[in-house]
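Note that these values count all heavy atoms, side chains included, but never hydrogens, waters or copies made by symmetry.
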Amino acid sequence: MPVSPDYRPEPRFFDLGADYADAVQAADFPQTILRFRNDRAAAEVGLEGLSEAEWIAAFGRFEPLPGQPGPIAMRYHGHQFRHYNPDLGDGRGFLAAQMRAQATSDRVASDSTQGRLLDLGTKGTGQTPWSRGGDGRLTLKGGVREVLAATMLEAQGVPTSRAFSLIETGEALERGDEPSPTRSAVLVRLSHSHVRFGTFQRAAYLGRKDQIEALIEHVRSLYHPNVAAGDAPGLLAAIVEASAKLTARWIAAGFVHGVLNTDNLNVTGESFDYGPWRFLPEYDPAFTAAYFDQTGLYAFARQPEAVFWNLTQLAGCLKLVAEVEPLTDALNGFGPAYIRELRAAFLMRLGVHSLGEAADQRLVDTTLALLREGRAALRWEPLFFDWFGGFASSARALSGPRAKRYQGEAFDAFRFALMEHEPDRIERLEYPMFAAREPEEMLMGEVEAIWAAIADADDWAPFQAKLDRLEAARLAWGFTA
């Protein structure tokens, strides 16, 4: 299988041994129909030159890539809705490969992401020792939804795994939460790490100080190399910072992950595993993504609380090897880091430069006040679209479909705060996207319509058209995670 001459296999997690994962095999699928491949992401790991047959062999039949060992199902525990579950692990996926990121036309040589270790992880590849009686499969609808979520989040500058491949597998699945039988698929995602908070929790549950120490060194050396060897509080502080940035970017994007369990947060502050996700239709702090989140534990505005709670569980694991006081100090960094990152995220989404802490906070506060007042008449995403580029967009916003919403005391306060800030890269307003009257959103009505076209007529055109528009939006916004 040909790969880039710069391709360097580096199976680092595999080297930790059998205490952390189990060797597994992918299911033998009756069909392998390629539905999506991310050549831009593939270029980052030297795989963009694969033919369709080679791609299907690698990501439909999971023949090992050159230099890579066989797949492993990772072991971990986790709190699920704050109830500890020691019976977890990769139940329908595995770690397929690890390799170093390369410079591409999209990620230049000076980019801090070049050279970082990346995982190819799967979803829907069949049963593992951790399947707990499940079939280990993924519905095609679930795969389509994950591709859409990850693509939207990347375009918005949220640190996220990227959908790498989606292959339909020709099985009829029975599910209780969608019409059945339903079509099946296997998904591959490209992610910075799949080491979860729950990976540490399992070692702590077993009382394995040696495993905690090995995980600390693994994570420190590969993902947070500025942390000194053996410095557990320093590592926690780095994870706290990364998690604060992720949470702030979710909020600025109006995104609700839906299932913020400790096994769904990782050590690099990059979100992944998109099940019952949602984007806000309008400002609503209590908005939830999962129908089974009946108490609103993971509601939109409670996501910072949820992430901090999960960080405290990670800190509890590190008590096996570190003193409580420095771990507590590291945890206490979350609040200030989150507020700082939230200001930066809102400035990014509005396309303006920082003017200092007080002025930036005033802009965040007035933006939220205007969204709160506008609710359904304004929605979430349109405000950031209308006023992207700061006051340079005033003529466009005040002549657009929401012009009547831009008046009154809340708007005046927002406008004054925005006027203080200079535009950032004003040339971005020249992209055709900003000539449209409406922004790119990712609301459930559109997602269901995209799936209906596939389910009813095997029509993939709306899906591809949405991905094309999101790519145009990514280029126009010019955000980086």
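For Arg202 and Tyr76, the positive end is not near the middle of the six-membered ring at less than 6.0 Å and at most 45° from its axis. Arg145 forms a cation-pi arrangement with Trp277, by the criterion of a distance under 6.0 Å to the ring centre and an angle within 45° of the ring axis. Relative to the ring axis of Phe384, Arg349 places its NZ or CZ within 45° and under 6.0 Å from the centre. Both cation-pi conditions hold for Arg396 and Phe385: the charged atom is under 6.0 angstrom from the six-membered ring centre and inside a 45 degree cone around its axis.
Within the 4.5 Å cutoff, side-chain heavy atoms of Val219 are placed close to those of His224. Residues Leu47 and Phe59 are in side-chain contact: their nearest non-hydrogen atoms beyond the backbone lie under 4.5 Å apart. Annotation: side chain of Arg75 is in contact with side chain of Asp22 (closest heavy-atom distance under 4.5 Å). Here the side chains of Leu370 and Leu383 are in contact, with some heavy-atom distance below 4.5 Å. Using a 4.5 Å heavy-atom cutoff, the side chains of Tyr406 and Leu398 are in contact. Residues Asp135 and Arg175 meet the side-chain proximity criterion, which asks for heavy atoms closer than 4.5 Å.
Using bins of under 30°, 30° to 60° and over 60° for the plane-to-plane angle, the ring pair Phe414/Trp387 lands in the perpendicular bin. Classified by interplanar angle (parallel below 30°, tilted 30° to 60°, perpendicular above 60°), the ring pair Phe434/Phe388 is parallel. Taking the six-membered ring for Trp and thresholds of 30 and 60 degrees, Phe334 and Tyr338 have nearly parallel ring planes, at less than 30 degrees apart. Relative ring orientation between Trp477 and Phe479 is described as parallel, the plane-to-plane angle staying below 30° on a 0-90° scale split at 30° and 60°.
Remark: the backbone N or O of Ala41 is not paired with any side-chain donor or acceptor of Arg162 at under 3.5 angstrom. Formation of a donor-acceptor pair under 3.5 Å by the Thr367 side chain with backbone atoms of Leu363 is found in this model. Under the 3.5 Å distance criterion, the side-chain polar atoms of Trp380 are matched with a main-chain donor or acceptor of Ala252.
In this structure, Arg249 does not pair ionically with Glu341, as no charged nitrogen and carboxylate oxygen lie closer than 4.0 Å. Under the 4.0 Å criterion applied to side-chain N and carboxylate O atoms, Asp90 and Arg196 are assigned as salt-bridge partners. Looking at Arg402 and Glu438, a side-chain N of the basic residue comes within less than 4.0 Å of a carboxylate O on the acidic one, giving a salt bridge. Using a 4.0 Å cut-off between a side-chain N of Lys or Arg and a carboxylate O of Asp or Glu, Glu63 and Arg61 qualify as a salt bridge. The pair Glu146-Lys141 does not count as a salt bridge, with every side-chain nitrogen at least 4.0 angstrom from each carboxylate oxygen. Between Glu446 and Arg469 there is a salt bridge, since a side-chain N of the basic residue sits under 4.0 Å from a carboxylate O of the acidic one. Salt bridge present: Asp273 and Arg189 bring a charged side-chain N and a carboxylate O closer than 4.0 Å. With respect to the salt-bridge test (charged N to carboxylate O, under 4.0 angstrom), the residues Glu171 and Arg183 do not qualify. With salt bridges taken as basic N to acidic carboxylate O contacts below 4.0 Å, one links Lys466 and Glu440.
Defined by atom type and a distance below 3.5 Å, a donor-acceptor pair is present between the side-chain atoms of Thr169 and Ser184. Thr151 and Glu154 share no donor-acceptor pair across their side chains, judged by distance under 3.5 Å alone. Using modelled atom types and a 3.5 Å distance limit, the side chains of Thr262 and Gln201 yield a donor-acceptor pair. For the residue pair Tyr298 and Asn261, a side-chain donor N or O sits within less than 3.5 Å of a side-chain acceptor on the partner. With 3.5 Å as the limit, one finds no donor-acceptor pair spanning the side chains of Trp130 and Asp87. Remark: the Tyr274 side chain and the Thr160 side chain contain an N/O donor-acceptor pair separated by less than 3.5 Å. Using modelled atom types and a 3.5 Å distance limit, the side chains of Gln127 and Gln25 yield no donor-acceptor pair.
Checked against the 6.0 Å centroid criterion, the rings of Trp55 and Phe164 qualify as a close aromatic pair.
Annotation for Ser161 and Glu270: closest pair N-CG, 3.6 Å, computed over non-hydrogen atoms.
Taking CZ of Arg372 as the reference point, atom CG of Leu378 lies at 12.5 Å (rounded to 0.5 Å).
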**Study point:** Candidate pair Arg92 and Thr128, rule side-chain contact (heavy atoms from CB on, under 4.5 Å), full reasoning
**Key:** CA-CA 7 Å; Arg92 56 171 175 169; Thr128 77; over 6 Å; no
